[in-house]
Peer 1: 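The structure under discussion is supplied below as structure tokens; questions concerning it will follow.
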There are 2 protein chains.
Amino acid sequence: MMAEKPVRKRRKSGDEIRTTIVNAATRIVMEQGAARMTLADVAKAAGISKGGLLHYFASKDALIRAMITAGLDSFEEKTTAMIASDPTPGSYLRAYITTSFPAERADDIAAAMIAGIATDPDLLADYAVESTKWSDRLRDDGLDYLHAEVIRLAVDGLYFNEAIGLPPLSLPDRAEFLKRLIAMTRVSAEVQR
Amino acid sequence: MMAEKPVRKRRKSGDEIRTTIVNAATRIVMEQGAARMTLADVAKAAGISKGGLLHYFASKDALIRAMITAGLDSFEEKTTAMIASDPTPGSYLRAYITTSFPAERADDIAAAMIAGIATDPDLLADYAVESTKWSDRLRDDGLDYLHAEVIRLAVDGLYFNEAIGLPPLSLPDRAEFLKRLIAMTRVSAEVQR
DNA sequence: TGTTATGGACCGGCTGGACGGTTTGGAATA
DNA sequence: TATTCCAAACCGTCCAGCCGGTCCATAACA
């Protein structure tokens, strides 16, 4: 049963397969819905058997948790990279916006959240932790806090709507909308009240 | 066999039971998550048997659809009532805000959406139809359209976040935030650009 | 009024199938 | 050989939907 494992082994293919599985699960949720995300289907989509899948993720919950942390880590990484090249006030908010809506859609976070909601809302605990971090950073972003929250939550609103398959804006409107949000991150606070 | 029935009979209890069932289902989703919304549990919560439930709703999908339409109808009703007593520009947007966040929380729409996502995203079709109506009304609300969409989607963002159990704002901040949104519905458009 | 007929409302046990997770066995690798 | 990795069969559970049956309200008739 070996309580401690050597850790230094054939890590390479292991992590690769893990991300392959996570990507397959994400794709299934986005294309077919959370109800269709069964272990058997995910395994098939990942080119693996169910037994193999469970070798890498001990349970379905573990897989969903991995989906969530993968999405959040990727988001975190992109935003911090973007902030580094933009030291002006509102930089975090702008990174939040552009990372939420990249050129080519990649709703990994949305799929993970949907999967979590469908099976057990407790799985979203990691997301809750991250959410408070975002709020804290917004307070330090050099803008009026409430103004920043309006923008941030507008981003969330568009993101959630699209995640559940309900585009609330026409394509040209959407582009204008995002430009408007970016512009709002440059409006000084006192314009507001 | 009398093809025509008098119609004036015992209609009363039928619809009442239906709403009782819908309310029970909504409560279960909010309190225990969509995965726990089984027909047996809903029936028990409604004080009815599973067979009785299936007598009123032919399938689980039908029940979820009823939840969605009930939530949307209630929302529609409240906003239109509110608009009637507020003829100034931005009246629809203000109604949208205050109806989304009433004094006492009643996340019937959120529960219905979560149940829909968990079982089959196609069930949200009604919601999509309503969504376009909201956009159309925003265009006629007497405000700059993009400005109005920022506010509307900020409402959605807060609503969705809270619906999945992630309050992104502290309680005092939340109150300030809603006041800010209301105030923004009174900002004339040209302030923006 | 008493009796029987009819049909809708409702119950709850049952089942077929799906799904998460386990086990077993074997192939690849070291 | 030992260990890691993975496939496939299998198991136990759970749930949606079905179905036979009961109850009750009204109606038709006498």
Side-chain angles (χ1 to χ4, degrees), chain A residues 1-22 24-25 28-29 32-67 114-120 122-123, chain B residues 1-22 24-25 28-29 32-67 115-116 118-120 122-123:
Chain A
M1 193 52 80
M2 66 176 69
E4 287 300 317
K5 50 173 63 172
V7 175
R8 171 197 33 78
K9 259 302 156 59
R10 55 178 55 258
R11 168 94 38 75
K12 185 193 62 166
S13 61
D15 282 356
E16 280 180 359
I17 292 182
R18 251 175 276 264
T19 65
T20 300
I21 294 170
V22 167
I28 287 181
V29 171
Q32 315 196 38
R36 295 270 175 211
M37 178 192 153
T38 69
L39 292 186
D41 283 2
V42 172
K44 197 193 300 179
I48 206 180
S49 74
K50 195 166 61 153
L53 192 159
L54 283 160
H55 174 72
Y56 289 102
F57 296 101
S59 69
K60 189 177 187 180
D61 282 8
L63 171 57
I64 294 175
R65 270 191 292 268
M67 292 169 67
I114 289 175
I117 293 172
T119 62
D120 185 358
D122 293 348
L123 294 172
Chain B
M1 191 53 78
M2 63 176 69
E4 287 300 318
K5 51 172 64 174
V7 174
R8 169 197 32 76
K9 261 303 157 56
R10 57 176 53 257
R11 167 94 40 76
K12 185 194 59 165
S13 59
D15 282 355
E16 279 181 358
I17 292 182
R18 249 174 277 264
T19 66
T20 300
I21 294 171
V22 167
I28 287 182
V29 171
Q32 315 196 39
R36 296 269 177 211
M37 179 193 153
T38 67
L39 292 187
D41 284 1
V42 172
K44 197 193 299 179
I48 207 180
S49 75
K50 195 164 56 151
L53 192 159
L54 253 21
H55 174 73
Y56 288 103
F57 296 101
S59 69
K60 191 176 186 181
D61 281 8
L63 171 57
I64 294 175
R65 270 191 291 268
M67 292 169 66
T119 61
D120 185 356
D122 292 348
L123 294 173

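First the proteins, then the strands, lettered A, B, ... as listed; each starts at 1.
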Peer 1: Send over the distance from A:M37 CE to C:dC19 C1', rounded to a whole Å.
Peer 2: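 To the nearest whole Å, that distance equals 13 Å.
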Peer 1: Distance check needed: D:dC14 P versus B:Q32 CD, whole Å only.
Peer 2: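 About 15 Å, once rounded to whole Å.
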Peer 1: Write down the atom of B:A25, the atom of B:M67, and the distance for their closest heavy-atom approach.
Peer 2: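 Taking B:A25 first and B:M67 second, the nearest heavy atoms are CB-SD, 3.7 Å.
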Peer 1: What is the distance from CG of B:L39 to C1' of D:dA16, rounded to the nearest Å?
Peer 2: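 Rounding to the nearest Å, CG of B:L39 and C1' of D:dA16 are 6 Å apart.
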Peer 1: Counting heavy atoms from C-beta on, name the nucleotide in D:dC10, D:dA7, C:dA9 closest to the side chain of B:H55.
Peer 2: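 Nearest to the side chain of B:H55 among the choices is C:dA9.
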Peer 1: Let's see if you can work this out: which of D:dG17, D:dA7, C:dG20 has an atom nearest to the side-chain heavy atoms of B:K60?
Peer 2: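 Minimum distance to the B:K60 side chain belongs to D:dG17.
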Peer 1: What's the CD1-P distance between B:I17 and C:dA9, to the nearest Å?
Peer 2: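 My rounded result for the distance is 10 Å.
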Peer 1: Kindly point out which of C:dG20, C:dC11, D:dA7 is positioned nearest to the side chain of B:I48?
Peer 2: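 The listed nucleotide nearest to B:I48's side chain is C:dC11.
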Peer 1: Expressed as a whole number of angstroms, how long is the span from A:L63:CG to C:dG21:P?
Peer 2: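 So the two atoms are 10 Å apart, to the nearest Å.
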Peer 1: Is there side-chain contact between B:F57 and B:V22, with heavy atoms separated by less than 4.5 Å?
Peer 2: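 SC-SC contact between B:F57 and B:V22 confirmed.
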Peer 1: Once you round to the nearest 0.5 Å, how far does CG of B:L53 lie from OG of B:S59?
Peer 2: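 OG of B:S59 is found 10.5 Å from CG of B:L53.
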Peer 1: Given C:dG12, C:dG21, D:dA7, identify the nucleotide with an atom nearest to the side chain of B:S49.
Peer 2: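 The closest nucleotide is C:dG12.
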Peer 1: Could you give the CD1-to-P distance, from A:I28 to C:dC19, as a whole number of Å?
Peer 2: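 Atom CD1 in A:I28 sits about 11 Å away from atom P in C:dC19.
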Peer 1: What is the nucleic acid contact for A:L53, judged by heavy atoms within less than 4.0 Å: base, sugar-phosphate only, or nothing?
Peer 2: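 Nothing, no nucleic acid heavy atom in range.
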Peer 1: Rounded at 0.5 Å granularity, tell me how far OG1 in A:T119 sits from CE in A:M37.
Peer 2: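 Answer for the OG1-CE pair, A:T119 versus A:M37, is 7.5 Å.
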Peer 1: Considering non-hydrogen atoms only, spot the tightest contact between B:A115 and B:A34 and give its length.
Peer 2: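 Distance-wise, the nearest heavy atoms are CA-CB, 4.3 Å.
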Peer 1: Go through D:dG17, D:dC15, C:dG21 for me and flag the one nearest to the A:L54 side chain.
Peer 2: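 Nearest nucleotide to the side chain: C:dG21.
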Peer 1: Using whole Å, what does the distance between atom C1' of nucleotide D:dC11 and atom NZ of A:K50 come to?
Peer 2: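 Rounded to whole Å, this separation is 10 Å.
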Peer 1: How many whole angstroms separate atom NZ of A:K44 from atom P of D:dA8?
Peer 2: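 So the NZ-P distance, A:K44 to D:dA8, works out to 12 Å.
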